[in-house]
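Just follow the structure's listing: the first ligand is 1, and inside any ligand the first atom is 1.
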Amino acid sequence: MCESLQKFPVKVMVSTSGDSLSDPSTLTYYRDELFAMADIVTPNVKEASKLLGGVSLHTIADMRDAAESIYKFGPRYVLVKGGDMPDSSEAIDVFYDGKEFVELRGHRIKTRNTHGTGCTLASSIAAELAKGSSMLNAVQVAKNFVESALHHSKDLVIGNGPQGPFDHLFRLRCPPYNIGSQQRFNPDSLFLYAVTDSRMNKRWGHSIEDAVKAAIEGGATIVQLREKDIESRAFLEAAKACMDICKSSGVPLLINDRVDIALACNADGVHVGQSDISAREVRKLLGPGKIIGVSCKTPAQAEQAWRDGADYLGCGGVFPTTTKANNPTLGFEGLKAVCLASKLPVVAIGGINATNAGSVMELGLPNLKGVAVVSALFDRECVSTETRNLRSILTSVRCLA
Ligand SMILES: Cc1ncc(COP(=O)(O)OP(=O)(O)O)c(N)n1
Ligand SMILES: Cc1ncsc1CCOP(=O)(O)O
Ligand SMILES: [Mg+2]
């Protein structure tokens, strides 16, 4: 096998198995032959212990030491998986690239259906690498996938063994998460993103439903309900009505901050910021078929949002705004930095109106898909006219590009 691997320039994964390591000759073969060719080695704590002659691994510090020692056998990356560590509500894995350690934290899912998690993780890492991800991203995406699959399979009853299998195709199984029956996220829908505001609607005597209808009539391509001071019951009723309006126009509807409302009205997704619950948690609650947007002001936040499974980034305030208190202005430089740091589609937000929207889109950043606007659409008497005007400005910039 080693000869074939040396001959062909393939990625090599070594997903160790506690059973196979019981045999001393296999252990030696892994350590002395295979590891030096491996891009990544992914032992769990028991396997790491066996590879290192039986050392005890009880703490994160022990896992780091183990990762460092296994790295010396020659792989380019090591992931020591902590899913078997006792007494923790978290499943913490330690990733090591020879210079830095990264602790990857996930939830421990209480279930007997864990058969094949290690193989699934390794296969999923390989699939992400094939798609062009960096090793750390690939590991993070794979870990999120395994965690979601465990969560959605935790109550399956199949077979009588001590471990049950888990469902890799969980995404096709559960109706609310059934992406087959829902529109997939199209980044082009970020082109003209209308974000509502209850205070503005009140000021102009508009109901939320009327404001959303008017924005869609004017050409909004996606809508977010950002209703900060409305009671939950009234919010849900309005959200359900808006869902009907949006569905019949084929426009996705997202809910700002409130995952509970999004679940209750079966919205297309949720937008969260840096102080809201994380995209990772939202993904677990909404499932893989829903759209998740994350507000990012820095490349580091953009990187984290990608790892957490976000679908798009909202970046701003690009210009000063009074709609969101104490919101720092990033300017074009801040927007560029976030766009360049991410593969995710980005929508610019903050102080965008008919006068400056063209200049934002003229930056020509490939993943900058559109603008998100609150006051220039909704703090106006005629929402449809303002939306139509902005849409025609954006369309003319797009035609020139
Ligand atoms: C598209 C879009 N981008 C950014 C935001 C801001 O979200 P957040 O930072 O959570 O602030 P609030 O909107 O919750 O006040 C957004 N809502 N939409
Ligand atoms: C919610 C939000 N997040 C960053 S800026 C902003 C407010 C955008 O509102 P406006 O379009 O009225 O400036
Ligand atoms: Mg928020």
What is the closest protein heavy atom to [atom], and at what distance does it sit?
atom	value
atom 10 (O) of ligand 1	Asp276 OD2, 2.8 Å
atom 5 (S) of ligand 2	Asn327 ND2, 3.4 Å
atom 3 (N) of ligand 2	Lys324 CD, 3.5 Å
atom 13 (O) of ligand 1	Arg226 NE, 2.6 Å
atom 2 (C) of ligand 1	His271 CE1, 3.3 Å

Worksheet item: Which atom, counting only N, O or S, brings Asp276 closest to the Mg ion (ligand 3)?
Response: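 The Mg ion (ligand 3) is closest to the Asp276 atom OD2, counting only N, O or S.
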
Worksheet item: So which N/O/S atom does Asp257 have closest to the Mg ion (ligand 3)?
Response: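 Of all N, O or S atoms in Asp257, the Mg ion (ligand 3) lies closest to OD1.
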
Fill in: Rounded distance (nearest 0.5 Å) linking atom NZ of Lys297 with atom OG1 of Thr329
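Those atoms lie 8.5 Å apart.
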
Worksheet item: Has Ala376 got any heavy atom lying under 4.0 angstrom from an atom of ligand 2?
Response: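 No; Ala376 lies far enough from ligand 2 that no heavy-atom distance drops under 4.0 Å.
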
Fill in: Trace of the ring pair (Phe, Tyr, Trp, His ring centres under 6.0 Å) decision for Tyr29 with Phe35
CA-CA 9 Å; Tyr29 171 74; Phe35 279 14; 9.7 Å; no

Using a strict 4.0 Å cut-off to heavy atoms of [X], name the atoms of ligand 1 that fall inside it.
X	result
Lys324	9 (O), 11 (O), 12 (P), 15 (O)
Asp257	10 (O), 14 (O)
Gln224	1 (C), 2 (C), 16 (C), 17 (N), 18 (N)
Ser295	4 (C), 5 (C), 6 (C), 7 (O), 8 (P), 9 (O), 10 (O)
Gly314	3 (N)
Lys228	12 (P), 14 (O), 15 (O)

If only side-chain N and O atoms count, and only distance matters, is there a donor-acceptor pair under 3.5 Å linking [Y] with [X]?
X	Y	answer
Ser207	Asp210	yes
Ser295	Gln274	no
Thr59	Asp62	yes

When you check the gap from the basic side-chain N to the acidic O, do [X] and [Y] get nearer than 4.0 Å?
X	Y	value
Arg199	Asp229	yes
Glu68	Arg64	no
Asp244	Lys213	no
Lys81	Asp93	no
Lys50	Glu47	no

Worksheet item: Near Lys343 NZ, under 6.0 Å, is it more than 12 heavy atoms from other residues, nucleotides or ligands?
Response: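 Result for NZ/Lys343: enclosed.
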
Worksheet entry | Check: Ser375 main-chain N/O paired with Arg380 side-chain donor or acceptor under 3.5 Å |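 The answer is yes, because a donor-acceptor pair under 3.5 Å joins these two groups.
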
What I want to know is whether [X] and ligand 2 share at least one N or O pair that is separated by under 3.5 angstrom.
X	result
Ala372	no
Ser375	yes
Arg226	no
Thr321	yes

Worksheet item: Counting only heavy atoms, which portion of Val374 has something under 4.0 Å from ligand 2: side chain, backbone, both, or neither?
Response: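 Both the backbone and the side chain of Val374 come within reach of ligand 2.
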
Item to complete: Return yes when Asn256 approaches ligand 1 closer than 4.0 angstrom through a heavy atom, no otherwise.
Response: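 Right, Asn256 reaches ligand 1.
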
Practice prompt. Compute the minimum heavy-atom distance from Gln274 to ligand 1 and say whether it is under 4.0 Å.
Written response: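 For ligand 1, residue contact (heavy atoms, under 4.0 Å) with Gln274 is absent.
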
Item to complete: Kindly assign one of parallel, tilted or perpendicular to the pair Tyr96 and Phe101, based on the angle between their ring planes and the thresholds 30° and 60°.
Response: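 Aromatic pair Tyr96/Phe101 classed parallel.
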
Item to complete: Using the six-membered ring wherever Trp is involved, compare the ring planes of Tyr312 and Phe185 and label them parallel, tilted or perpendicular (cut-offs 30° and 60°).
Response: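 Because their plane-to-plane angle lies in the 30° to 60° range, the rings of Tyr312 and Phe185 count as tilted.
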
Fill in: Sub-4.0 Å atoms of ligand 2 with respect to non-hydrogen atoms of Thr323
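Ligand 2 atoms under the 4.0 Å threshold to Thr323: 7 (C), 9 (O), 10 (P), 12 (O), 13 (O).
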
Worksheet item: Under 3.5 Å between some N or O of ligand 1 and some N or O of Tyr312?
Response: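 No; the residue has no nitrogen or oxygen that sits under 3.5 Å from a nitrogen or oxygen of the ligand.
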
Discussion item. With respect to Gly273, determine whether any N or O atom, backbone or side chain, lies less than 3.5 Å from an N or O atom of ligand 1.
Written reply: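 The answer is yes, given that Gly273 and ligand 1 share an N or O pair closer than 3.5 Å.
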
